[in-house]
Structure formats: structure tokens, C-alpha cells
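Beneath this line is the structure, given in C-alpha cells, with notes to follow.
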Amino acid sequence: MKDLKNNIGVVQSLAPAARDADANGTGVDLQGFESATVVIDMGAEGITLSTTNKIEIELEHSDDDATYTDVTSSADVIGATPDSNGVIATFDDPGEAPAISSVGYIGGKRYIRAVANFSGTHGTATPLGVSVIKGHARKNPVS
């Protein structure tokens with residue numbers, strides 16, 4: 001068996017919490033790594049999801065961890081086709097949650113973060129979290 005733990009770093013962008021409103025995640029520094037996977041962990045929806053009442057997860061990137069822009073190019077991600085707002089996952093149907101999904105980031109920026117956008121009325125919160133697995137470390141072991 002090969003060792004994975006000493007070759008990756010796992011960081012929360014959106015800490016797991018019951019949410020009912022928009023939230024910006026914390027920036028994740030990718031320096032020292034050659035790959036990143038964004039893992040979305042969506043819990044059981046607090047309301048009935050629909051095209052009106054939905055949750056969208058966006059991916060943003062930055063050179064300086066201060067000014068973020070939406071990841072809108074499919075050349076920057078694997079496993080999703082971001083729209084013009086950087087949406088990489090949409091939960092708008094009761095059958096879609098709970099779920100875990102992942103998207104690879106292959107863009108050239110140093111920092112990435114997740115953003116949760118809530119549309120419609122969310123009177124009851126939905127648990128969700130977004131973590132980033134940083135892979136292919138340039139220096140091992142990863143601490």
C-alpha cells in the first residue's frame with residue numbers, strides 16, 4: 001500500500017455548517033502543489049430544492065488571496081463546465097442532496113475558494129461544506 005497522507009494537504013474552504021444564506025469560503029493557497037480537487041459535501045436539504053429554491057457552488061481564483069474572480073473557463077476545471085458566474089455545481093432538485101461531488105482545478109492561479117449562493121427562500125438551513133485536496137506536493141512529507 002502506498003502512502004497518500006504525506007503527499008496531500010486537505011483544507012476547508014467552506015467549513016461544514018448548516019447554511020441558509022450566501023457565504024464566501026476561505027482562500028486556499030496552492031503553492032507547493034501541482035493539483036487540487038474541490039470536494040463539495042452537501043447534506044440533506046433543509047427545504048424542497050427547485051429551480052427557484054436552489055444552492056449553487058461557485059469556484060473563484062486569485063493571484064493574491066485578496067481579489068477573486070470567477071473560474072469561468074472549462075480549461076481551468078475537470079469534471080464540470082463552469083458558467084459565466086463560476087458555478088461548478090447546482091443543487092435544484094430534491095433528489096440531488098445529500099451528495100458528495102468533486103471538481104478538479106487545473107487553472108494557473110495560486111489561490112482558490114468556494115462560494116455558496118442561495119436563491120429563493122431558505123427558511124431552514126442545509127448543511128454543506130467545501131474542502132480542497134491539494135495533491136502532487138513538490139516537497140514531502142506534507143505537514
Would you kindly confirm whether Phe33 and Val28 end up in one hydrophobic cluster when ILVMFWY residues are joined by side chain heavy atoms under 4.5 Å apart?
no
Could you measure the distance from the CG atom of Leu128 to the CD1 atom of Ile55? Nearest 0.5 Å is fine.
6.0 Å
Under the salt bridge (charged side-chain N to carboxylate O under 4.0 Å, His left out) definition, can you give me all pairs with a residue in residues 64-79, not counting sequence neighbours?
none
Under 3.5 Å, which donor-acceptor pairs link side chains of residues 36-53 to any protein atom two or more places apart or in another chain?
| from | atom 1 | to | atom 2 | distance (Å) |
| --- | --- | --- | --- | --- |
| Ser50 | OG | Thr52 | N | 3.2 |
| Ser50 | OG | Asn53 | N | 3.0 |
| Asn53 | OD1 | Thr121 | N | 2.7 |

Lys109 bridged to Asp63 by N-O distance under 4.0 Å
yes
Do you reckon Val77 sits in the same ILVMFWY cluster as Val11, going by side-chain contacts under 4.5 Å, direct or chained?
yes
Would you list the pairs meeting ring-ring contact (aromatic ring centres under 6.0 Å, His included) in which at least one residue belongs to residues 64-85, sequence neighbours left out?
none
Quick note, side-chain hydrogen bond (donor to acceptor under 3.5 Å, both in side chains) partners involving residues 5-17, not counting sequence neighbours, are Asp3-Asn6, Asn7-Asn140
Could you tell me whether a side-chain N or O of Ser62 sits under 3.5 Å from a main-chain N or O of Thr67, the two making a donor and an acceptor?
yes
In residues 80-89, what donor-acceptor pairs under 3.5 Å come from side-chain atoms, sequence neighbours left out?
| from | atom 1 | to | atom 2 | distance (Å) |
| --- | --- | --- | --- | --- |
| Asp83 | OD1 | Asn85 | N | 2.8 |
| Asp83 | OD1 | Gly86 | N | 3.1 |
| Asp83 | OD1 | Val87 | N | 3.0 |

Going by the salt bridge (charged side-chain N to carboxylate O under 4.0 Å, His left out) test, which pairs reach into residues 84-108, not counting sequence neighbours?
none
Tell me, do Arg110 and Asp29 make a side-chain contact under 4.5 Å, heavy atoms counted?
yes
Can you tell me how far OG1 of Thr72 sits from CD of Glu60, rounded to the nearest 0.5 angstrom?
11.0 Å
Could you list the cluster mates of Ile78? Members are the ILVMFWY residues connected by side-chain heavy atoms closer than 4.5 Å, either directly or through other members.
Ile106
So which pairs with a foot in residues 73-100 pass ring-ring contact (aromatic ring centres under 6.0 Å, His included), sequence neighbours left out?
none
Not counting sequence neighbours, which residues clear ring pair (Phe, Tyr, Trp, His ring centres under 6.0 Å) with Tyr105? List them please.
His61
Would you please name every residue forming a side chain to side chain contact (heavy atoms under 4.5 Å, CB included) with Ile8, sequence neighbours left out?
Leu4, Val10, Ile133
Rounded distance [0.5 Å steps], CD1 in Ile112 versus CG in Leu30
5.0 Å
ring-ring contact (aromatic ring centres under 6.0 Å, His included) partners of residues 106-136, not counting sequence neighbours, each pair once
Phe118-His122
Please collect all salt bridge (charged side-chain N to carboxylate O under 4.0 Å, His left out) contacts where either partner lies in residues 132-143, sequence neighbours excluded, each pair once.
Glu34-Arg138
